[in-house]
Structure formats: structure tokens, C-alpha cells
> 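Below: one structure in C-alpha cells.
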Amino acid sequence: SKATVSVLNCVFSSPVSTPLTMSRTPFVGGNFKCTGTANSLSKLISTFNSSITGLGDAVEVVVAPGTPYIGLVKSVAHQDIKISAQNCVPKSGAFTGEMSAEQVKDLGLGYVILGHSERRHVFRENDADIKKKTKAALQQGLIVIACVGETLEDREAGRTEQVVLSQLKAATDGLSDAEWKNIVVAYEPVWAIGTGKVASPQQAQDVIAFIRKTIVQLQQDYVARRTRIIYGGSVNAKNVASLWAQPDIDGFLVGGASCKPEFSTIVKTTMKAKL
């Protein structure tokens with residue numbers, strides 16, 4: 001659209017008046033997806049209770065179990081491991097099989113993942129759906145992990161920035177400054193999710209830097225400086241250090257590796273100061 005082109009031109013042509021750097025608390029999310037049993041998740045969280053300790057304010061750690069296991073995981077996890085829902089709908093009502101933003105809050109959860117590529121591509125959620133969900137979740141005081149990312153076809157056609165911009169604008173359009181404080185943006189290239197392929201550190205840095213500069217145009221410099229932007233897509237203990245070394249990556253949204261003991265290695269890596 002003309003508006004999208006205008007913002008893209010502005011992002012790449014207008015200098016940023018102040019450095020987009022400041023102290024941001026690292027954020028590591030573990031998305032368990034539709035996996036696990038009561039037994040396996042109890043053991044996994046017990047392992048994390050021992051291996052992920054003494055976090056203080058060094059890193060924010062959140063795990064997102066499947067809906068049937070939210071209560072179990074919440075009861076087992078120690079206080080430094082927060083719990084997130086994997087999805088929600090805007091309001092309570094006749095929506096069989098769903099969980100509303102109000103119910104997420106009522107369960108005592110502080111977070112929800114929205115716009116994940118599996119919701120977009122498997123369940124056909126569109127930008128308008130995600131916008132409604134985001135607004136409803138923020139109105140409940142939830143922290144929204146807002147996912148954006150391009151397909152391989154988009155990347156090969158040179159549409160990465162256009163797609164990411166469109167998704168980000170849709171999810172955050174009209175948000176107040178106070179609401180922006182509860183947004184964590186997760187850049188997850190679809191071609192790297194669950195495929196074993198991972199964006200190179202430079203590829204991830206380039207898109208996340210683009211997202212940060214885009215937030216300057218959509219909001220203001222200080223909003224871009226304080227907003228945490230994390231990377232997701234086949235993150236594991238072997239590649240996390242090279243990704244963490246990138247200046248704009250504030251943490252990770254981890255899929256498969258979050259269901260393994262190596263998740264603690266990923267968390268501990270983000271506790272190290274960037275050089």
C-alpha cells in the first residue's frame with residue numbers, strides 16, 4: 001500500500017536522531033507448542049527449577065505450555081519462571097475450544113503469544129484477527145509477545161521488510177504509549193521455525209534493526225529504545241551465542257529446544273553482557 005511504501009521510504013531515508021541503544025532486560029520465552037504430557041512437563045520444569053536460578057533482574061524467563069497444562073506448570077515452576085498462554089481470543093463467549101484474554105488474566109498469567117506463524121498459516125489468522133487479540137490482551141494488562149516474520153517465498157522475492165512492517169503495523173496500530181510498554185516483538189522467519197534452519201546472525205540482526213527503526217517511525221525514539229525485540233527460529237544451545245552477540249537482539253523465543261535441558265543454556269547466555 002502507499003502507506004507501507006511511505007513508511008519504508010522514511011525508515012531507510014531518515015536518519016535516527018539518537019542512538020537506538022539503552023539497557024533492556026533480556027527476554028527468553030519457551031514455546032512448548034502442542035507437546036508434552038503431565039509427567040514429562042513436570043520433570044522438565046523441575047529440571048529448570050534447578051538449572052535456571054538466581055535470575056534477579058538479569059533476564060525475564062517465560063514458558064508457554066499447552067492450555068491443558070497451564071495450571072500444572074504454574075504450580076511446579078519457581079517464581080523466576082513466568083507462564084504465558086500460547087494464544088487467546090478477544091472476548092469470552094460462545095467460542096468453543098478457545099480461551100479469552102480475560103480468562104488468561106483470570107488464570108493469573110501475565111503473558112500471551114499472539115500472531116505466531118502457526119496461527120497465521122495453519123489456522124488462517126490474519127492481521128485483523130491479531131490486531132483485535134492484541135488490543136484485548138493489552139486491555140487486560142497482559143504482556144503480548146507479538147510475532148512477525150516472512151516466509152521463504154517472501155524473503156526470496158525481497159519482501160521481508162514489507163511483510164514484517166505490515167504485520168507489525170497491524171498488530172500495534174493505535175496503541176498508546178502505556179500499551180507499547182507491554183509489547184515484546186518476536187521476529188520469527190517462517191522458514192526457520194521447526195526446520196532446523198536458522199537465520200544467520202547478520203540476517204537476524206538486519207531485520208531486527210529494521211523493526212527497531214520502524215518503531216521510531218510508528219512511535220518515537222524512546223519507544224524503540226525500550227522495546228525488546230527477540231529472535232525465534234531453530235534457536236538452540238549451539239547457535240545462541242552468535243545470535244546473542246548481535247546488538248539489537250534482546251533475547252529469544254525458543255521452540256523445540258525449550259522442551260530440553262539446553263533451554264537453561266540459552267537463558268544463561270542472555271545473562272552475559274554484550275561485548
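Computed from a predicted structure; not experimentally measured.
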> Within this structure, what is the CG-NZ distance for the pair Leu138 and Lys181, rounded to the nearest 0.5 Å?
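The distance works out to 13.0 Å.
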> Would you check if Cys88 and Leu114 make a side-chain contact, meaning some heavy-atom pair closer than 4.5 Å?
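A side-chain contact exists here, since the closest heavy-atom pair is under 4.5 Å.
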> Going only through I, L, V, M, F, W and Y residues with side-chain contacts under 4.5 Å, is there a path from Leu175 to Leu218?
yes
> Only counting residues at least two apart or in another chain, list the ones meeting side chain to side chain donor-acceptor pair (under 3.5 Å) with Asn182.
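Counting only residues at least two positions away or on another chain, Asn182 forms no side chain to side chain donor-acceptor pair (under 3.5 Å).
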> Starting from Leu41, can I reach Ile81 by hopping between I/L/V/M/F/W/Y residues whose side chains sit under 4.5 Å apart?
yes
> Any luck finding a side-chain donor-acceptor pair between Asn39 and Ser42 under 3.5 Å?
no
> Are Ile208 and Val59 connected, step by step, through hydrophobic side chains (Ile, Leu, Val, Met, Phe, Trp, Tyr) whose heavy atoms are closer than 4.5 Å?
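Yes, because Ile208 and Val59 connect within a single hydrophobic cluster, where side-chain heavy atoms sit under 4.5 Å apart.
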> I'd like to know if the side chain of Thr47 reaches the main chain of Lys43, judged simply by a donor and an acceptor atom lying under 3.5 Å from each other, with no hydrogens or angles considered.
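Yes: the side chain of Thr47 pairs with the backbone of Lys43.
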> What closest approach, in Å, do Met99 and Ala85 show between heavy atoms, and which atom pair accounts for it?
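Here Met99 and Ala85 meet closest at CE-CB, 3.8 Å.
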> Other members of the hydrophobic cluster containing Val163, with the 4.5 Å side-chain heavy-atom rule, please.
none
> If you look at every heavy atom in Ala58 and Pro26, which pair is closest and at what distance?
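The answer is O-CD, 3.1 Å.
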> Quick one, Gln205 and Pro247 - any side-chain contact, counting heavy atoms below 4.5 Å?
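Yes. Closest side-chain heavy atoms under 4.5 Å.
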> Which heavy-atom pair separates Glu98 from Gln103 by the least distance, and what is that distance?
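That closest heavy-atom pairing would be O-OE1, 4.2 Å.
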> Give a yes or no on this: more than 12 heavy atoms of other residues, nucleotides or ligands lie within 6.0 Å of atom NZ of Lys33.
yes
> Is the closest side-chain heavy-atom distance between His121 and Thr151 below 4.5 Å?
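Touching, per the 4.5 Å side-chain cut-off.
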> If only atom types and distance count, is the side chain of Asn236 paired as donor or acceptor with the main-chain N or O of Asn239 below 3.5 Å?
yes
> Check this for me: Gln139, atom CD, are more than 12 non-hydrogen atoms of other residues, nucleotides or ligands nearer than 6.0 Å?
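Counting other residues, nucleotides and ligands, CD of Gln139 exceeds 12 neighbours.
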> Side chains of residues 255-265: which donor-acceptor partners sit under 3.5 Å, not counting sequence neighbours?
residue	atom	partner	partner atom	Å
Ser258	OG	Val254	O	3.4
Ser258	OG	Gly255	O	2.6
Glu262	OE1	Ala237	N	2.9
Ser264	OG	Pro261	O	2.9

> Is it the case that one hydrophobic cluster holds both Val235 and Met271, taking links as side-chain heavy atoms less than 4.5 Å apart, direct or via other members?
yes
> Ion pair present between Arg120 and Asp127, side-chain N to carboxylate O less than 4.0 angstrom?
yes
> Just do the side-chain contact (heavy atoms from CB on, under 4.5 Å) check on Gln219 and Thr214 with the steps written out, would you?
CA-CA 8 Å; Gln219 294 294 312; Thr214 297; over 6 Å; no
> Give the minimum heavy-atom separation between Val148 and Gln167, together with the two atoms involved.
CA-OE1, 3.2 Å
> Working to the nearest 0.5 Å, report the span between OH of Tyr231 and CD1 of Ile211.
11.5 Å
> In Å, rounded to the nearest 0.5 Å, how long is the span from CG of Asp248 to CZ of Arg24?
6.5 Å
> If you apply the rule side-chain contact (heavy atoms from CB on, under 4.5 Å), what do you find for Asn87 with Arg119, and how did you get there?
CA-CA 8 Å; Asn87 183 45; Arg119 299 301 311 179; 3.4 Å; yes
> So which atom in Val267 and which in Leu55 form the shortest heavy-atom distance, rounded to 0.1 Å?
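Nearest heavy atoms, Val267 then Leu55: CG1-CD2, 4.1 Å.
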> Is the shortest side-chain heavy-atom distance between Arg226 and Thr25 below 4.5 Å?
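No, every pair of side-chain atoms sits at 4.5 Å or beyond.
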> List, one per line, each side-chain donor-acceptor pair under 3.5 Å for residues 193-203, sequence neighbours excluded.
residue	atom	partner	partner atom	Å
Thr195	OG1	Trp191	O	2.9
Thr195	OG1	Lys197	N	3.1
Ser200	OG	Gln203	N	3.0
Ser200	OG	Gln203	OE1	3.4
Gln202	NE2	Asp206	OD1	2.7
Gln203	OE1	Ser200	N	2.9

> One pair to check against side chain to side chain donor-acceptor pair (under 3.5 Å): Glu188 and His116. What are the steps and the verdict?
CA-CA 8 Å; Glu188 292 201 302; His116 193 280; 3.3 Å; yes
> Should Val61 and Val76 be counted in the same cluster of Ile, Leu, Val, Met, Phe, Trp and Tyr side chains packed under 4.5 Å apart?
yes
> Among side-chain atoms of Glu102 and Ser92, is any donor-acceptor pair under 3.5 angstrom?
yes
> What distance separates Thr160 OG1 from Leu165 CG, expressed to the nearest 0.5 Å?
12.0 Å
> For Gln162 and Glu150, run side-chain contact (heavy atoms from CB on, under 4.5 Å): C-alpha distance rounded to whole Å, both residues' side-chain angles, the deciding distance at 0.1 Å, then the answer.
CA-CA 9 Å; Gln162 183 177 346; Glu150 82 284 7; over 6 Å; no
> Report the distance from atom CD1 of Ile183 to atom CD1 of Ile229, rounding to the nearest 0.5 Å.
11.5 Å
> Taking the six-membered ring of Trp244 as reference, does the NZ or CZ atom of Lys274 fall below 6.0 Å from its centre and within a 45° cone about the axis?
yes
> Other than Leu253, what residues sit in its cluster of Ile, Leu, Val, Met, Phe, Trp and Tyr side chains whose heavy atoms are under 4.5 Å apart, directly or through others?
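Joined to Leu253, directly or through intermediates: Phe27, Val62, Tyr111, Ile113, Ile143, Ile145, Val184, Ile230.
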> Can a cation-pi geometry be assigned to Arg225 and Tyr222, taking NZ or CZ under 6.0 Å from the six-membered ring centre and within 45° of the ring axis?
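No.
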> Closest approach of Pro65 and Ile83, non-hydrogen atoms and distance?
CD-CG2, 3.8 Å
> How long is the gap from NZ on Lys91 to OG on Ser100, to the nearest 0.5 Å?
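The OG atom of Ser100 is 11.0 Å from NZ of Lys91, to the nearest 0.5 Å.
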> May I ask you to decide whether Asp250 forms a salt bridge with Arg212, counting only side-chain N to carboxylate O separations under 4.0 Å?
yes
> Not counting sequence neighbours, list each pair that qualifies as a salt bridge (Lys or Arg N to Asp or Glu O under 4.0 Å) and has a residue in residues 64-85.
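Output for this query is empty, none listed.
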